[in-house]
Amino acid sequence: MTLDRRLRAILLYAGVAALILAGLYWISRPEGLHLVRADILVENSDGYPPPPRTVDPDALAGSWQTVALPHAPRPDVLPGSGDAARLPTQTTWYHFRLDPAHPAPRGSYLYIPRWKTDGEIAIYVDGRLFYQSHANLQWNGSNRPLWLALEDAAETRPPRDILIRIRHVRGIGGALSTLWLGTYDQLGPNYLVRSFFQTELPYISSGMFLATGAFAFLVWLRRRRETLYLLFTAITVVTFLRLMHAYMGLDRLPVSDAWFGWITVNSMGWMVLIVHLFLIRLHQRRMPLLTTALVLMCVVFAFGTLPVFAWMFDATIAAPLMYLTVAILGGIAFGFGLHRSWRAGSTEGCILAGFGLLAVLLGAYDMLLQNNLVNIEGLFLTFYAQVGMIVAFCQIMLNRYTKAMGDIEQANVVLADRLAAREAELNASHRRLREIEHRELLHQERQRLMQDMHDGLGSSLVSALRVVEHGRIDEAEIASLLKSCIDDLKLTIDSMEPTETDLLLLLGTLRFRLQPRLEATGIRLRWDVIDVPALVWLDQRHSLHILRILQEAFTNVIKHAGATEIILKTAVENACVRVEIIDNGSGFDPAVAAGGRGLGNQARRADAIGGVVELTSGPEGTAFALRLPIAMTGSSAPPPDSC
């Protein structure tokens, strides 16, 4: 969507909303008894004494005059002419005699669309005090329409006489709109609509705006470089302060009238400054001279009207001069902001600057209304321009948020694509590595088997062949050599079977292979094994070492011991598993056997798997033990000398 189309769409939506609101206001027109004329009596007074409980209009001194309502005399005091708190007061009485021929219906309400006092108001019904403002003088909730139920009990009769007393600083205030008397059905819709537009809408919009500012402030705390969130927080706070006078004052204010007036009047300049800084961030064009002028304006007015400085202007008295200055500088700032935003192609800046210019234009009308130069029953319109600015600010931050979320989603998509591509590369690389590892493992396994067959089976076959060629061996010895070669081959094949860290399974395989040979030689095998822990490091290569060690032990017993019984035992000692082969043969001298080839091979193989071999022999027999570690430490082999 181009810039022009977006602006047209926004203006169309704003126009439709305005028509809907205008139609709502029109169809809620009040009905009932409309009081458009009153007798008026003006008295000079001093201070603000409490109003009397009862008043007889005919007993009041002075001459009454009949005036048309709304009655709104122009203020006499110009900005800077004095302190309103020290000026003498003026009391204005408005008297209404109801026609007995057209009495107010039962259940009537008194509805006053607007009243302006800059002081206090008291309402008498049939000579008795019925209502009085008691909270504040300058900021007394006069923006709220008055809505009073005149009959509180069943015995109460319809009112016949209404007297309104307004006491205010002489020359300031004292305006009253027309009055309405009627039932709730006749006046309620208009009162509710007017109350919503004058008080509830500024209250709701500024409260919601402040809540979004709190959220933006939390975001800024996490992202300090994003000053736009801090400016947004500042504008929400200032807008809330600025709109408070639209709905506060009917009850007692948390601060004095002087301080409340200082906040209300000065907050207009603060708003202009912050919106100007916000626009600079949108169109990215600095305006140092204009920014300096706005800052100086805010500083001078803020310090020059502080209530603690009694020798300077009161903010409320100086408000016309301050509003005029703010309007001039604000119009310049928003005009330049609109121009710069248009050239930069920033629709958000154009909308925000447009609402700022609208607020300046409507502010001129509000000044006329404030000074009774137009019909006082009209609405203050600056509120709605400020509500429009609230919507514009929220839309800007929403766009920022959705754009950030879109960027994050796009970044996540890109990151996911990159991650998927990287994962595919890693998977492919992993597959290649596994293939390389598999080929390397096969190669190592082939090398191991070839080396083992060369050192074991091959060596035995070569030795047997040489003996046969030289004719130094008989058939029985040849058969024995061949059986030994077959046992070596079977043992090599058995070592290739997965044992899954189970030493007893490996020993069972050895028993299965050696049992026939033991039975052929008349040696009985006693199996005295217990469960032992799993050896996590036990694989095919280590299995072959264990089988070779134990096979050599059994072969030595068969060939040299002359034993009739062999006992195979297992035990657990600390962090090791002990495998022991005990025979009842004749025994031998271990010192002589230590220099032999067989025991040396056993020791080397045991050392390769982190084990230890032990040999003890005597006249009662020989005990051979192999101790194996249970765990390994960070490598594929058990730790050396761990047993």
Side-chain angles (χ1 to χ4, degrees), residues 455-456 459-460 463 476-477 480-481 483-484 487-488 491 503-504 506-533 535 538 542-630 638 640-643:
D455 295 341
S459 178
S460 299
S463 299
E477 290 179 346
S480 177
L481 283 172
K483 288 180 180 179
S484 178
D487 288 341
D488 284 342
L491 215 61
L503 178 63
L504 297 185
L506 187 64
L507 296 178
T509 301
L510 179 64
R511 178 184 183 183
F512 174 76
R513 294 300 184 189
L514 295 178
Q515 187 73 36
R517 188 176 178 185
L518 294 173
E519 291 176 354
T521 57
I523 301 175
R524 185 168 65 91
L525 177 63
R526 270 179 53 191
W527 198 257
D528 188 11
V529 299
I530 62 173
D531 288 337
V532 296
L535 305 182
L538 187 60
H542 299 139
S543 298
L544 183 58
H545 284 305
I546 295 174
L547 291 175
R548 289 292 190 197
I549 294 171
L550 298 180
Q551 182 196 29
E552 183 70 21
F554 274 101
T555 300
N556 290 335
V557 174
I558 294 172
K559 287 184 177 181
H560 307 295
T564 60
E565 183 183 59
I566 298 176
I567 302 173
L568 192 145
K569 300 172 62 177
T570 59
V572 179
E573 297 179 354
N574 298 325
C576 296
V577 174
R578 181 183 179 91
V579 181
E580 193 170 9
I581 299 174
I582 305 172
D583 66 77
N584 60 355
S586 58
F588 59 92
D589 186 359
V592 175
R597 181 179 178 183
L599 189 58
N601 288 336
Q602 288 176 312
R604 284 191 297 271
R605 288 183 181 274
D607 184 67
I609 59 176
V612 178
V613 294
E614 298 174 349
L615 183 66
T616 59
S617 182
E620 294 81 10
T622 302
F624 174 84
L626 172 63
R627 289 194 298 168
L628 301 171
I630 296 175
D641 300 330
S642 58
C643 289

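Side-chain contact check for N556 versus F624: every heavy-atom pair is 4.5 Å or farther apart. The shortest side-chain heavy-atom distance between L504 and L507 falls under the 4.5 Å cut-off. A 4.5 Å side-chain heavy-atom check between I546 and L538 finds at least one atom pair inside the cut-off. Contact check for T622 versus V557: no side-chain heavy atoms found under the 4.5 Å cut-off. Here the side chains of L525 and R511 are in contact, with some heavy-atom distance below 4.5 Å. Within the 4.5 Å cutoff, the side chain of V579 has heavy atoms near those of the L503 side chain.
In this structure, L506 CG and L550 CG are separated by 7.5 Å, a value rounded to the nearest 0.5 Å. The distance from the CG atom of N574 to the CZ atom of R627 is 9.0 Å, given to the nearest 0.5 Å. R524 contributes atom CZ, which lies 8.0 Å from atom CD1 of I567 (distance to the nearest 0.5 angstrom). Here the straight-line distance linking atom CZ of R605 with atom CZ of R548 works out to 6.0 Å at 0.5 Å rounding. Here T521 contributes atom OG1 and L514 contributes atom CG; the two are 10.0 Å apart, rounded to the nearest 0.5 Å. To the nearest 0.5 Å, atom CG of residue D583 and atom CG of residue L568 are 12.0 Å apart.
Scanning all heavy atoms of the two residues, the minimum distance from L535 to P629 falls at CD2-O, 3.5 Å. When all heavy atoms of V532 and A571 are compared, the closest pair comes out as CG1-O, 4.4 Å. Between H545 and I609, the shortest heavy-atom distance links the atoms CD2-CG2, 3.8 Å. When all heavy atoms of A553 and I581 are compared, the pair lying nearest together is CB-CD1, 3.7 Å. Nearest heavy-atom pair across Q602 and V613 is O-CG1, 4.0 Å. Closest non-hydrogen pair, P533 versus V572, comes out as CD-CG2, 3.6 Å.
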